[in-house]
Student: 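Before I ask anything, let me first share the structure, which is written out below as C-alpha cells.
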Amino acid sequence: VANVGDSRALLARASASPNPATQAMQRETLRLVALSVDHAPALREEKERIEACGGTVTRETDALTGDQGPFRVWRKDRQGPGLAI
C-alpha cells in the first residue's frame with residue numbers, strides 16, 4: 001500500500017459477536033484500520049525526513065499575525081515557491 005498525493009488508504013473491517021443473553025448475532029460494527037501514513041510536513045517524523053534529504057519546512061510569516069498558510073517544503077538551494085502541503 002502506498003500514498004498517492006494526499007490520499008489515505010483505510011480498510012473497514014466488519015465484525016459481529018453473539019449476544020450472551022440470546023446467542024443471536026448482534027449488529028455488525030465497522031472498525032477502520034489505517035493502511036498508510038500521511039506524509040504531512042507538520043508531522044515531526046516527516047519534517048525530519050525532508051530535512052535529512054536536504055529540504056526545509058517553513059510557513060509564511062506575517063509581521064502582524066505570525067504564521068500564515070500551509071507548511072511549505074523548499075529545496076535549500078533554491079528561492080522559488082515552495083510546495084504547499
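Predicted, not measured: the structure shown is a model, and the values here were computed from it.
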Student: Please list, chain by chain and in numerical order, all residues satisfying salt bridge (Lys or Arg N to Asp or Glu O under 4.0 Å) with Arg31, sequence neighbours excluded.
Tutor: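 Checked Arg31 against salt bridge (Lys or Arg N to Asp or Glu O under 4.0 Å); zero matches.
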Student: Which heavy atom of Ala34 sits nearest to which heavy atom of Leu10, and what is that distance?
Tutor: CA-CD2, 3.7 Å
Student: Report the residues that fulfil side chain to side chain contact (heavy atoms under 4.5 Å, CB included) with Leu11, sequence neighbours left out, ordered by chain and then residue number.
Tutor: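 Here the qualifying residues are Arg13, Val33, Leu35.
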Student: How many angstroms lie between CG in Leu43 and CZ in Phe71, if you round to the nearest 0.5 Å?
Tutor: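 If I round to the nearest 0.5 Å, the distance is 9.0 Å.
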Student: In chain order, what residues pass the side chain to side chain contact (heavy atoms under 4.5 Å, CB included) check against Ala14, with sequence neighbours excluded?
Tutor: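 Scan of Ala14 (side chain to side chain contact (heavy atoms under 4.5 Å, CB included), adjacent residues dropped) gives Glu28, Leu30.
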Student: Only counting residues at least two apart or in another chain, list the ones meeting side chain to side chain donor-acceptor pair (under 3.5 Å) with Arg59.
Tutor: none
Student: Would you name the heavy atoms of Ala9 and Ser36 that are closest together and state the gap between them?
Tutor: N-OG, 2.9 Å
Student: Please list, chain by chain and in numerical order, all residues satisfying side chain to side chain donor-acceptor pair (under 3.5 Å) with Thr56, sequence neighbours excluded.
Tutor: none
Student: Side chains of Glu48 and Arg44: closer than 4.5 Å at any heavy-atom pair?
Tutor: yes
